[in-house]
Visitor: 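So that we are looking at the same thing, I have put the structure below in structure tokens.
Order of the sequence lines fixes the chain letters, A, B, ..., with proteins taken first and strands second; residue numbering starts at 1 for each chain. The structure presented is a predicted model; accordingly, all values stated were derived computationally and were not measured.
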Amino acid sequence: MKDRRDREMVLAPTHEEAVTDLFKQQVQSYRNLPALVYQIQTKFRNELRSRGGLIRLREFIMMDLYSFDADWEGLDRSYDAMLQAYTNVFQRCGLPTVAVQADSGPIGGKDSQEFMYLTDVGEDEILLCDRCGYAANTEKADHRKLALPPEEPLALEEVATPGIKTIEELSRFLDVPPERTLKAVFYAASGEPVFVAIRGDLDVNETKLRNALGGVELRLMDDREVEAAGLVAGSASPVGLEKAAKRPVRVVADDSVRSSPNLVGGANKPDAHLRNVNFERDWQAGIVTDISLAREGSACPQCDDASTLTLRRGIESGHVFKLGTVYSEKMGATFLDQEGRQQVAVMGCYGIGVDRLLAAIIQENHDEQGIIWPASVAPYAVHLVTLSADRGGVGEAAERLYAELVERGVEVLYDDREESPGVKFADADLLGMPLRLTVSPRNMKEDSVELKRRDESDSTMVPLSEAASRVAELVAEFEE
RNA sequence: CGGGGUGUAGCUCAGCCAGGCAGAGCGCUUGGUUUGGGACCAAGAGGCCGGCAGUUCGAAUCUGCCCACCCCGACCA
């Protein structure tokens, strides 16, 4: 975009380029590696619709860190260190997270994990195995597909299937289980038609499909496009597709078709299907790979036995991945190794969404009354409340206590408003500072103040003279 | 862009179906009482009923067009 003086400006969705350029200017020698750079910065995304309070915004704050290593082993070490560091960060923030395998997108890289805060209001779906601890975003998740016993290929045979269009109808009509059928799904991949063939008991994982096709823009074809391509919705088949289709159509197959003999598939004409369709003998595909969607109840890809995956929802609070050399190669981010040879830096990138982290922390730490800040991230350690500040020396005592606490380096939110006790306590609960100190005429009679933790219902009386030191001790404990 | 919804007092909303004095609660102002868990009494202030046009004796209410916002979906290295 341009500013009022017609200068070029950028609203950056992410900052890999800026950081890689910085590296390029600053680092020439292997002696400077590994190098870690971090920042806390505003990012912009052209979201179609922001939603979820602080969860999904067009403008948001990210803390992100980039690592530069001399080789891939170095990247592995940096990555593992950051994975551990981020685990510690979320723990200290009072946010239980689980690191799950994630899709790294077209940019690629070999490993990628997201830190998920598990909550029913989360926008991401995660599959977990209770037995082995396998955890992955549904976009990424693998699963073990039902295995069919090997069979000799039988002869193709056309059967009449009047009015049958869905796998469910087909399965019932011919009395064959869904895993003995072949499903056809049509996509427009950056405008080009793609015929996806997958076993009838499975669904397409669009992220996997997009990656298989090389990061294209992917959507289902609409009825008009299906018609235009000459495909017969409900009875489409990869068998004889070249002849049936009006234009060339790429075929992508899920690898389940390799070991699934004698399936029931479409006949490329209405009201008819084919029995005994066999991959390779009857049809071929340009790409054969896993493009299937793992679901609740799918078999765990890591366990030997019959343990299944459970679906949970989560908020993505952090994301780490191995960028590799994508940026450093393109932008010439190199250094000289011990032998004086020019080498490309190997990069990793690690992000935490700061404002959505705030939302997640509050989601996890609240009650009917309001926020219960974990001490590590509370805006103030202490909420100092006066009741009837004009009576019994309350105002003066509170002023002294405030000054004493500040002196000791304790952060204090001081409520000296002339409001009723109910209002002031309710506000203190709502704002949720870890400690509340109440100075009132009643307490002054005992030369004491009331000390209450936000996360406990009981309170204790503390002599005025000891209040500041007691609080300072507690705050010190919080910081451990 | 598609689907749904909402615009009335500072805020949250009722009134619209079935046209006839512009309403409630909270908040605000003034006076008084109250003071350890969102007080009470009394008196007040506060409105282009989103905008424009139409129907009608009469429109917040019916009709058309427009604008804004919210929700769902599509999208999200």
Visitor: Measure from the side-chain N and O atoms of Arg58(A) to the backbone N and O of Arg45(A), and report whether any donor-acceptor pair falls under 3.5 Å.
Guide: no
Visitor: Would you say the side-chain atoms of Thr325(A) and Glu329(A) include a donor-acceptor pair closer than 3.5 Å?
Guide: yes
Visitor: What nucleotide, of G36(B), U35(B), C75(B), holds the atom closest to the side chain of Ser388(A)?
Guide: U35(B)
Visitor: For Thr460(A) and Lys452(A), test the side chains for any donor-to-acceptor distance below 3.5 angstrom and give the result as yes or no.
Guide: no
Visitor: Classify the nucleic acid contact of Thr14(A) as base, sugar-phosphate or nothing, counting any heavy atom under 4.0 Å across all strands shown.
Guide: base
Visitor: Supply the atom-to-atom distance Lys208(A) NZ to Ile291(A) CD1, rounded to the nearest 0.5 angstrom.
Guide: 9.5 Å
Visitor: Mind checking who A53(B) pairs with, Watson-Crick or G-U wobble, both distances under 3.5 Å?
Guide: U63(B)
Visitor: If you look at every strand shown and take non-hydrogen atoms under 4.0 Å, does Arg436(A) touch a base, only sugar-phosphate, or nothing?
Guide: base
Visitor: Using 0.5 Å steps for rounding, measure from the CD atom of Gln91(A) to the OG atom of Ser376(A).
Guide: 10.5 Å
Visitor: Where the side chain of Glu225(A) meets the backbone of Asp222(A), is there a donor-acceptor pair that is under 3.5 Å apart?
Guide: yes
Visitor: Where along residues 440-455 of chain A does a heavy atom come under 4.0 Å from RNA chain B, residue by residue in number order?
Guide: Ser440(A), Arg442(A), Asn443(A), Glu450(A)
Visitor: Whole angstroms only, please: what is the NZ-P distance between Lys140(A) and A77(B)?
Guide: 14 Å
Visitor: Is the closest basic N to carboxylate O distance between Lys183(A) and Asp201(A) below 4.0 Å?
Guide: no
Visitor: Taking the P atom in each of G19(B) and A59(B), what is the distance between them to the nearest angstrom?
Guide: 14 Å
Visitor: Where is the tightest heavy-atom contact between Asp142(A) and Tyr134(A), given as atom of each residue plus distance?
Guide: N-OH, 3.0 Å
Visitor: Quick one: Lys330(A) NZ to A77(B) C1', roughly how many Å, whole number?
Guide: 10 Å
Visitor: Within this structure, what is the CD-to-P distance between Glu123(A) and C75(B), rounded to whole angstrom?
Guide: 14 Å
Visitor: With sugar-phosphate meaning primed atoms plus P, OP1 and OP2, does Arg391(A) contact a base, only sugar-phosphate, or nothing at under 4.0 Å between heavy atoms?
Guide: sugar-phosphate
Visitor: Rounded to whole angstrom, note down the C1' distance from U6(B) over to U12(B).
Guide: 14 Å
Visitor: Are there any protein N/O atoms within less than 3.5 Å of an N/O atom in nucleotides 28-32 of chain B, and if so, which ones and at what distance?
Guide:
none

Visitor: CG of Leu218(A) versus C1' of C75(B): gap in Å, rounded?
Guide: 12 Å
Visitor: Evaluate the ring pair (Phe, Tyr, Trp, His ring centres under 6.0 Å) criterion for residues Phe195(A) and Phe186(A): first the C-alpha distance (whole Å), next the side-chain angles of each, then the deciding distance (0.1 Å), finally the verdict.
Guide: CA-CA 5 Å; Phe195(A) 187 112; Phe186(A) 321 124; 5.7 Å; yes
Visitor: If we call it a pair only when both distances are under 3.5 Å in a Watson-Crick or G-U wobble match, what pairs with G44(B)?
Guide: C28(B)
Visitor: Taking atom C1' of A77(B) as reference, at what distance in whole Å does atom CD of Glu316(A) sit?
Guide: 12 Å
Visitor: Write down the distance separating the P atoms in G27(B) and C72(B), rounded off to the nearest Å.
Guide: 31 Å
Visitor: Partner lookup for A14(B), please. Criteria are Watson-Crick or G-U wobble with both distances under 3.5 angstrom; report none if nothing qualifies.
Guide: none
Visitor: Does the side chain of Gln343(A) pick up a donor-acceptor pair with the side chain of Tyr30(A) at under 3.5 Å?
Guide: no
Visitor: Counting Watson-Crick and G-U wobble pairs only, both distances under 3.5 Å, name the nucleotide matched with U33(B), or none.
Guide: A39(B)
Visitor: In whole Å, what separates the P atom of G2(B) from that of C65(B)?
Guide: 15 Å
Visitor: Provide the distance between the two C1' atoms, one in C16(B) and one in G5(B), to the nearest whole Å.
Guide: 16 Å
Visitor: What residues from residues 416-430 of chain A pass a heavy-atom cutoff of under 4.0 Å to RNA chain B?
Guide: Ser420(A), Pro421(A), Gly422(A), Val423(A), Phe425(A), Ala426(A), Asp427(A), Asp429(A)
Visitor: Please report, rounded to the nearest Å, how far the P atom of G37(B) is from the CG atom of Leu431(A).
Guide: 19 Å
Visitor: For Glu168(A), look at atom CD and say whether over 12 heavy atoms of other residues, nucleotides or ligands are found less than 6.0 Å away.
Guide: no
Visitor: Scan every strand shown for a Watson-Crick or G-U wobble partner of G2(B), both distances under 3.5 Å, and answer none if you come up empty.
Guide: C72(B)
Visitor: When the C1' atoms of C70(B) and A53(B) are compared, how many Å lie between them, rounded to an integer?
Guide: 27 Å
